[in-house]
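Reading through the structure tokens given below for one structure.
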Amino acid sequence: MADFDLVLVLPATALAAFALLTLLFAPLFRGQGRALGGVGLLGIAVSAAATARLWPAAGAGARIATAGGMVRVDAFGLFFTLVLLAIGALTVVASFRFLEREQADHGEFYALVLLALAGMVVMVQTTHLLMVLVGLEVFSLALYVLTGLTRGRARSVESALKYFLLGAFSSGFFVYGLALLYGAAGSLDLVRIGAAAASDPSPMLWIGAGLVLVGLAFKIGVVPFHHWIPDVYQGAPTNVAAFMATATKTAAFAVLLRFLVGAFGPSHEAWAPLVTWLSILTMTVANLVALAQTNVKRLLAYSSVGHAGYLMIALVCRPEDGVRAILFYLVSYAFMTLGAFLCAAAVGRGDARSEPGYDLGSWAGLGWRRKGLGVAMSLFLFSLAGIPPTAGFLGKYVIFQSAMRSHEYLLAVVGVLNAVVAAGYYLRVVVAIWMREPETEEEPYPVPVSLAAVLVAAAAGVLVLGLVPGPLLDLLGRLAAGLV
Amino acid sequence: MEAIAFYVLAVLAVASAIVVIVHRNPVMSALALAVNLVTIAGFYLVLRAQFVALLQVIVYAGAILVLIVFVIMLLNLREELKARSPGTFQKWLGPILALVFAVVLGRAMLAHAAPSFPAPVPGFGTAAALGIDLFSRFYYPFEVVSLLLVVAMVGAVLLAKRRL
Amino acid sequence: MTVSDLVFDVIVSLVKIGAVIAVLFTVVSIMTWVERRLSGLIQFRWGPNRVGPLGLFQPIADGVKFLMKEEIVPAEAHKPAYVLAPAMALVPALCAFAVIPFGPTVEAFGRKVPFAIVDIDGGILFAFAASSLGVFAIITAGWASRNKYALMGGLRSSAQMISYELALALSVIGVLLVSGTLRPMAIVERQAGWFWNWNAFAGGWQILGFLVFMIAGFAETNRAPFDLPEAESELVAGYHTEYSSMKFAMFFMSEYINMTTSAAMAVTLFLGGWQLGFPVPFSGWPLWALQVAAFWAKVGALLLFFVWVRWTLPRFRYDHLMNLGWKGLFPLSLANVMLTAVLAALGWVRR
Amino acid sequence: MLKLIALIPLLPLLGVAVNGLWGARISRRAVGLVACGVVLASLLLSAGAVWELANLPPGERHTEVSIGTWLPLGEAAGVSRPLRIDWGFALDPISAVMILVVCGVGFLIHVYATGYMAHEEGFARFFTYMNLFVSMMLTLVLGSNLLVMFVGWEGVGLCSYLLIGFFYDRPFDERTGMSCADAGRKAFLTNRIGDFAFLIGVLYLATTFGTFGFREIAEAVAHGGHGGALLAGVGILLFIGACGKSAQIPLYVWLPDAMAGPTPVSALIHAATMVTAGVYMVTRMSALYAAAPAAMAVVAAVGAMTAIFAATMGVTATDIKKVLAYSTVSQLGYMFAAAGVGAYVAAMFHLMTHAFFKALLFLAAGSVIHGLAGEQDIRRMGGLREKMPATFRTFVVAALAIAGIVPLAGFFSKDEILWGAWASGNRGVWLVLATTAGVTAFYMWRLAFLVFYGKFRGDGHAWEHAHESPRSMTVPLIVLAALSVVGGWIGIPKVLTGSVDLNFFHRWLAPAVAGPGAHGAGEAAAHGAGTEVGLMALSLAIALAGIGLAFLVYRRKEGSADRLAVAFGPAYRTLRNLYWVDELYDAAVIRPFYALSRGFAAFDRIVVDGLVNAAGVGADITGQVVKLFQTGYVRNYALVFLAGAVAVLLYLASL
Amino acid sequence: MEPRLVLAVSAVLFTLGVLGVLLRRGAITILMSVELMLNAANLAFIAFSRQAGTAEGQIYVFFVMTLAAAEAAVGLAIVIALFRLKGTTDVDEVSLLKW
């Protein structure tokens, strides 16, 4: 344990420690989940502080391997850590009142969110696939449980089951892929795998890589591995769906970048066509199906699949453009998707059997009854649709730009076309919010302060990133180098 | 002698796996799985990975499978019904795809396999060899994997406990 | 390895296996008698005293009875599973004993011959692995009988298994920590010298581990006060309600064998195994004969303890059982591990 | 004040903030004051800035202000030139014209709207949107690079959508069951289709030239070295974007439906400003187009086609605002045709004069609608000149202006376009545009006659209630009428004034645009003044003929019918003869003409609209079908997963 | 003593596990099929480990086993929750969420 340095692994460790603390306090605070949420928030803050402390060294370009090469501290990973922590913090705060309303105010919720975050942090801060596997499973298991958190609801439990079965199925593929990679490269270290790919790309290495890719594609929600997403996002408690939609994709993309662009970067020519077609398929299918949705959560779920497609465009671009585009897009995606889902959480009304509150119909005229909520949701939707000057527009712009620069014209055209289609369904929600007569007499729920604060923060993120993306883009430009 | 053991184990493993996925009664599936797990442990043993072989029996057969059987009995599950609605094309397409999958997988793997295993290095597969590696190079994942167990524990309680 | 080595190994192994099986079955038959006599003693009654002097031939009579009884297979039973279950009970029970050293390693015919069927590196784990398979027999029996009580018995058994195996395994960790090996023979060899060098005492300060091991061992073998899977007053006879004749006998025997294995494990791990516990001035075959005797004496004592407990303590209620397992033994065994680790780190245990 | 041009688009945002946040709590008067005030402030600031600009020597009339870096894309490796995009605003003669028009007409319409909307729900909301629109429009025209322009471009689209759907709860089109909200959505989506091409064009441009700045692009193009096909491709892509925004074939379908919005909105956005953004953009990129003749040809062809096509559809429309909407489409086609033949100055000129008279037409129409309590069908109007004299007079001015009667504004600008087409050798375009002029005069006066002359055809109750609009509405009408009269005088062609060059507009703008045809009007000398004057006279004659025809068909006939009822006797034969003439007209001209119009209308409704709708419905249906793959059965998901995995592995195995 | 045989068995077992997931209706049986898949992977790990002569592959197996245990625990808990709610573990009976 000569090379063990607690400081270097503190971001994940702090999360785990505070998660355990939360669990410890859970019996003392039955029915007062918020107190535990506070503990969780503190944990995220400590972790963020630890990450920030590492930043100067890593920001200067140093890449520190620690813990037997299992942890890689570099700016890339730290950046992802910060994004994940931000998502986690927003989720935690937004959940305070939401869980009370859903009668699922268990302190364990916060512990699980923290543990999931810890898993994700582990996953993004490594170049060793074993750590990826462990991190992936930690957060996946936590999310299976969180999905079924409102266990009295048929939809919640159903989605948990589906998520679990398909998730386990896909991790079977993932693990098998690891076995093959180990067999072909003699190690699960991405550095070694990359070396093997460059020197001796045996068929088994490719098949192994393909299986790992499939496993990651599942988490990201790439068509045709996306089927779980709509069902699970719809069935899960909405705050969990928000967390899942953003954090999972972010963490999985970090790994995908290290894996494809990092380790398999030199054989870009080989896998680029595959990713191209997956991307096209993903965008097109998701956006077309989203057009046919009437449930807001489901619609957002398909939208998130579609965004995975846009993100994959940048994967085939030249790394110096593409990586930055992905990172920027992920950040803006996190803000707008989190915001949109949490708006849905603020509105959603449902019981054990049905959830009419997420039906587009019951959103009719919402804007006039809850003005702030309506404005916020519209902003997020506009951003998702890619209308300037929001973050969503810039994100898409940066992606298409990098596609053009890499001469990926097909992808750029399909991407922009899809953005046109997508505007159709986002707009339908806006139309419902502002331009339809309310269908029910029921007053919408008041928006609790904590949730409102989160929405304001997300909206601010969307706008700030749209108006002054400069600093972030500058920063991200420096992260693209040296993924493994 | 080892070759015979290999073939016997191979036949047993595949046969029991087929029973797992074919038998309509979940308990029988579970028992077949137990056989399968033990034969896999047998494989490990023949491959000189003794420690892992023992772990295999203890963890898989002794813990995981018992848990599964326990739940099957707790829920008093009956024989599975014949597939209905989504079954028609699933029944045909599934095996075909699986076959293609197996062929692709098998070709790549067999192409890579060496003609024979090298002689085992001294200490291969012993608890000591494993332990030294585990606690020198792999101690961090070892620690992190404990989080996995925490999550599983909390999750199981949260989802399955009758009253929270 | 020459051919003569191989032949020698095979012969010696066969001899050892034969001997162990013979001893085990003998122990079982003796134990059936002891158990009943002792319970009689405890309860102020005679117990079996008609067949032979002091009823000593009772086991033989029982054996004959088992053989003569009618084999009944319930009409609704799942036949293959029903028939297989008793065998599934007996085989792992016998297997587990294979790694237990019942005497030292001796020189014979110019070769080292250990007094254990096999002397392998992960022996302790092997014992656990084998004993953990035993539960499948109970579960299968309970399920295949298509009988509510039997099913309940199987269910309870698996729950009990899951709950107590953890504590059992953890309680052993302490021993492993101080011994630094998984090989039973090595563990025993470490406990040489005076009896206070045994692991349960100053040899490893594992008295807590020993207690937890014993309690969990009761539960693992479904002995009272943890005999819920077959609780007569609740479940008729639990998982073997529907069994009769030799099939029942096999369950019966496997229970006693398990008990013996448990005791032997406890002796090996905590009570010095075949070590005498005091120095003797001689060596050679008299010594190892004495050591084998010592081992069996210790096992016998623990078996008596098993019986004594059974007839002394009332059966646990199901929830109490779970509480004891999860909230009592599990933390205790964990504490034991940590305590041992601290002791080991401070250098207070004998290495 | 040149340093403050960034404030011009920002000031209206202040109004957005005030009215958006507190609009519901302050009085309507205050809302109106704020809304008009900020636009007025922008107008004054613009005027000041333009004044300063005008005082500079012609070659230096360009100023750029940046308020910070927006996107630093450049520092990445592998890019030859660093690429950074600023929040930059630029003022030059072209944008000067635009900001004056936007702020000026915008201000008038804001004032008008305080009266028009006085009794509507959502007063503050309306003005919030309006101010937002003005702000976005100003961003569009002031942006110094394509991306800032794109922000405005999308922003105005968004506002347009919000405002079209303003009466979201009202049905709009009974035939299709379309609500106002649907109309808004249609507008937005059609626009997005254009924007898609636009964005691709922008990306391509930026990738090729490594810059987004208009000046830099112009310089780079002038530098040469880029393939003509590339420039043509980019030009066409950008033009498709313009087609969406400026309602050209085939993306014009949204504009008639956009009339679902309140009338001031139609006046401001769908006549005077937003829809001209495409023309502005093409002019702005004149350097690019000048180097890409093929793209110019496309622009000219599409413009001319749209001009005639939309004009004929205006003939049969019965909704007062739809007539004007088609007219707008047609006039935009005019402008594009001008730009396409290189007469950018003429295009901008027409853009400006059109803003005056079309806004006026809409406002007048709004006044009529307001006076008739919401009636929009011209078949139920008539004789309103008695009830609404001010509206009537201003409408007539506007109708004359759009018909191109000398010396009103429309005459000069339209003529410059026609001359540009002729002079640049595009005789076909000229022919189409000249015909369009006649048709325009015809349907515009048809409208005038049907609405203001003759007898009222609605029910008596409505007639009783018909009234002139309040001062806040009529004053802007009068101002705009004045502008429609004099607006053209700053661009009087040199040929009419002899040695004195009164064509201020041309002198102002010509240096700012590029291309061979930029000096279209100035080339009069080359072709001979006689031709130009002759053509002018010809177009005037065509316009008069159109008006005359309208008079015959809609005025005389109606009047004759009246007289016929009174005096059935001696005059019978004459009348009958007259009727016979009418019949002849009917058979030989009117009927085929109407048939053609109806045909076009049907084509529009069924084919074009159908295609647009079909694309939407098609996507929707595809979605409905594809979503069935999401069966809800987890095993099916696993199967699809496996299929995907097999596909991936097969691909990788083939490596 | 052929690596090919072990790897072939591993591939076959994995495929059988996949098939089990595709063809079975009982949630628990599907879970068992997944265990089959993981086991197949473990077998491959061990075979490669033996081929390389290092302990690394065995260590991966150790982690995969832990993972399998954790997955089983959570999965069974979900199945129990589902059973409480619907009285079935048949995955074809849970299809509220679709399209």
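The sequence lines fix the lettering, A, B, ..., with proteins before strands; numbering per chain opens at 1. If you're wondering where the values come from, they're calculated on a predicted model, not measured in any experiment. We use all heavy atoms of the structure for the numbers below, so side chains are in, but hydrogens, waters and symmetry mates are not.
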**OP:** Count the heavy-atom pairs under 4.5 Å between each of B:Tyr60, B:Phe51, B:Phe101 and chain E, then report the option with the highest count.
**Re:** B:Tyr60

Original post:
Which heavy atom in E:Met32 sits nearest to a heavy atom in B:Ala30, and how many Å separate them?
Top reply: SD-CA, 3.5 Å

Subject >> Proximity breakdown for E:Thr88 and chain B, heavy-atom pairs closer than 4.5 Å >> reply: neither

**OP:** Please flag which part of B:Leu74 lies under 4.5 Å from any non-hydrogen atom of chain E: side chain, backbone, both or neither.
**Re:** side chain

**OP:** Might you work through the side-chain contact (heavy atoms from CB on, under 4.5 Å) test for B:Tyr7 and E:Leu5, ending with a clear yes or no?
**Re:** CA-CA 8 Å; B:Tyr7 284 110; E:Leu5 179 68; 4.0 Å; yes

Subject >> Part of B:Ile64 within contact of chain E (heavy atom distance under 4.5 Å) >> reply: side chain

Original post:
Contact part of B:Leu105 toward chain E, heavy-atom cut-off under 4.5 Å: side chain, backbone, both or neither?
Top reply: side chain

Original post:
Are B:Gln56 and E:Asn39 close enough that a side-chain donor and a side-chain acceptor fall under 3.5 Å?
Top reply: yes

**OP:** Sort E:Ile28 into side chain, backbone, both or neither according to what part of it lies under 4.5 angstrom from a heavy atom of chain B.
**Re:** side chain

Original post:
Measuring heavy-atom distances to chain B, does E:Leu13 have an atom under 4.5 Å in its side chain, in its backbone, in both, or in neither?
Top reply: side chain

**OP:** Ignoring hydrogens and angles, tell me if any N or O in the side chain of B:Arg137 forms a donor-acceptor pair with the backbone of E:Glu56 under 3.5 Å.
**Re:** no

Original post:
Taking all atoms of both residues into account, what is the closest heavy-atom pair of B:Pro120 and E:Arg50, and its distance?
Top reply: CD-NH2, 3.0 Å

**OP:** Side chain from CB out, backbone as N, CA, C, O: work out which of these in B:Leu37 comes under 4.5 Å of a heavy atom of chain E, or both, or neither.
**Re:** side chain

Original post:
Tell me, side chain or backbone of E:Leu67 under 4.5 Å from chain B's heavy atoms, or both, or neither?
Top reply: both

Original post:
Hey, which of B:Leu9, B:Val121, B:Leu134, B:Thr126 has the most heavy atom pairs under 4.5 Å with chain E?
Top reply: B:Leu134

Original post:
For E:Leu36 and B:Ala17, which heavy atoms make the closest approach, and how far apart are they?
Top reply: CD2-CB, 3.9 Å

Original post:
chain E: which of B:Ala13, B:Pro141, B:Gly94 shares the most heavy-atom pairs with it under 4.5 Å?
Top reply: B:Pro141

**OP:** Could you pull out the closest heavy-atom pair between B:Ala114 and E:Gln51, with the gap in Å?
**Re:** CB-NE2, 2.6 Å

**OP:** Could you pull out the closest heavy-atom pair between E:Ala77 and B:Ala156, with the gap in Å?
**Re:** CB-CA, 3.6 Å

**OP:** With a 4.5 angstrom heavy-atom cut-off, could you sort out which part of B:Val52 is near chain E: side chain, backbone, both or neither?
**Re:** both

Subject >> Structural part of B:Leu33 lying under 4.5 Å from a heavy atom of chain E >> reply: side chain

Original post:
Who wins among B:Val151, B:Leu130, B:Leu148 for the most heavy-atom pairs under 4.5 Å with chain E?
Top reply: B:Leu130

Original post:
Quick one: what part of B:Asn36 sits under 4.5 Å from any heavy atom of chain E, side chain, backbone, both or neither?
Top reply: side chain

**OP:** Could you check which of B:Ala5, B:Ala49, B:Ala10 has the highest count of heavy-atom pairs closer than 4.5 Å to chain E?
**Re:** B:Ala49

Original post:
What heavy-atom pair brings E:Arg84 and B:Leu159 nearest, and what distance separates the two atoms?
Top reply: NH1-O, 4.5 Å

**OP:** Please flag which part of E:Leu22 lies under 4.5 Å from any non-hydrogen atom of chain B: side chain, backbone, both or neither.
**Re:** both

Original post:
Which bit of B:Val154 is near chain E, if near means a heavy-atom gap under 4.5 Å: side chain, backbone, both or neither?
Top reply: neither

Original post:
Picking from B:Gly106, B:Ala119, B:Gly125, which has the most non-hydrogen pairs under 4.5 angstrom with chain E?
Top reply: B:Gly125

**OP:** Could you give me the CA-CA distance, side-chain angles and deciding distance for B:Phe142 and E:Thr66, then say whether side-chain contact (heavy atoms from CB on, under 4.5 Å) is met?
**Re:** CA-CA 10 Å; B:Phe142 180 78; E:Thr66 322; over 6 Å; no

**OP:** Output yes when a side-chain donor or acceptor of E:Arg24 lies under 3.5 Å from a complementary backbone atom of B:His23, and no otherwise.
**Re:** yes

Original post:
So which part of B:Ala63 gets closer than 4.5 Å to some heavy atom of chain E, the side chain, the backbone, both or neither?
Top reply: neither

Subject >> Toward chain B, the part of E:Tyr60 with a non-hydrogen atom under 4.5 Å >> reply: side chain

